[in-house]
Amino acid sequence: MMRGAPTAATARAAESSVEIVSGERLLRAVVHLPSHEPPRAALVFVHPFAEEKKCSHRVFVEMARAAAVAGCAALRFDFSGCGDSSGTFPEADLGAWRRDLRAAFRYARERLGAKRLGLLGLRLGAALAAELAEEELELACLALWEPVVEGERYLTLTMRRSVMRRRLTAHEGGVELDEEGEEEDEAAEIDFDGYLVSREMQEQIAEVDLLDEPKAYPGPTLVLNLSGRAKVSPAMAKLASQYVSGEALPVRQEPIWSTVGLVDAGPTIGATMSWLTRALGV
Amino acid sequence: MSDAALRERVKELVVECLFLDVAPSSINDDDNLMEVHGVDSVNLFEIVVALEEDYGISFEDEDFDVETFSTVTSIAALVERKQAEA
């Protein structure tokens, strides 16, 4: 074997658990480092909301590992009240999550040894990543996987999906809706498939609107539209057009954020890695 | 849109949302989508959203029951009813 050639062992990225301080909260995170140093770039992963985080966890792990093997460090962290981070989910609000994301971004900048930093987000996480990109104009790249573009519609659809699931599985022993369960609109908290979401969080999510105006972030921006359709949806196309260097791609991929069980995320990861290669040269 | 065209569009959406490698025309109008093609609440949700976007209609919570979404025929009937109400 040629000296210095990567073997299966050396090509494997190193992974370690770290803690990130965000105000009074402690965020748990995992760092994926490539086998050679310094990393060519680093990506901060921004996870989606509630059940969508759980469903997509494995896909994020696989994407982070693929990035690390290609020489790009990755930081996956849990927002306050999620995963292993401190706090509780019902206490969570988007203000705290925005602070968490900034703390994770600072950590990546100061600790991962990469000169170029990018953001990769899914669903509501993509919306938060897009917001941060408007502040961090030096960002090397921005990857948005099926971003939530209109928070109010996102809330409506998420609640409806929950209702559909309960109604359609009631005949299989699922939970029947009672009148009280269908009158949650005025409650202080709503139940998102078992996640109690505060009224404040609902209002903050409803205010999310990525389509409102042209974006200042000038760097390479990828909008991945994940669905069974062959063409990009009008909303995703419009979002990409608002970026100076925006590109929307359709990826034939089942919904990785709502599918329970293992999902072959190869199409999504493959499309993202190809784009990263073009955008960052990783 | 004719009734036949609507049914074909529903079949196309079933194929797209279930990632089936079959021609839409191979789905029979009265196939039980859950039993024959494995439709579940996750991909049914995707079909519903696509129908709303394509036809400019809006479903209500009470529309979602097993019978209404059991076949191409029953889904097309619901879409027609919603279009008439709009």
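Protein chains get the first letters and strands the later ones, always in sequence-line order, with residue 1 at the start of each. Only a predicted model underlies this, so the values are computations on that prediction, with no experimental measurement involved.
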Residues of residues 25-33 of chain B with any heavy atom under 4.5 Å of a heavy atom in chain A: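 Under the 4.5 Å heavy-atom cut-off, nothing qualifies.
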
Quick check on the structure: residues of residues 255-278 of chain A within a heavy-atom distance below 4.5 Å of chain B, by number.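 Near chain B, by residue number: A:P255, A:S258, A:T259.
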
What do you reckon, is [atom1] of [X] surrounded by more than 12 foreign heavy atoms closer than 6.0 Å?
X	atom1	value
B:H37	NE2	yes
B:E85	CD	yes
B:K82	NZ	yes

If I measure from the heavy atoms of chain A, does [X] come under 4.5 Å with its side chain, its backbone, both, or neither?
X	answer
B:E12	neither
B:S58	side chain
B:I47	neither

Distance check, rounded to the nearest 0.5 Å: A:R229 atom CZ versus B:E53 atom CD?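 Going from CZ on A:R229 over to CD on B:E53, the span is 6.0 Å.
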
Show, in sequence, the C-alpha distance, side-chain angles and deciding distance for A:E254 and B:L18, and conclude whether the side chain to side chain contact (heavy atoms under 4.5 Å, CB included) test is met. CA-CA 8 Å; A:E254 58 190 304; B:L18 268 72; over 6 Å; no

A:R252 versus B:E16, closest heavy-atom pair with distance: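 For A:R252 versus B:E16, the nearest heavy atoms are NH1-O, 4.4 Å.
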
Using the rule given for side chain to side chain contact (heavy atoms under 4.5 Å, CB included), can you reason through B:V49 versus A:R161, listing the C-alpha separation, both sets of side-chain angles and the distance that settles it, and then say yes or no? CA-CA 10 Å; B:V49 172; A:R161 184 166 56 202; over 6 Å; no

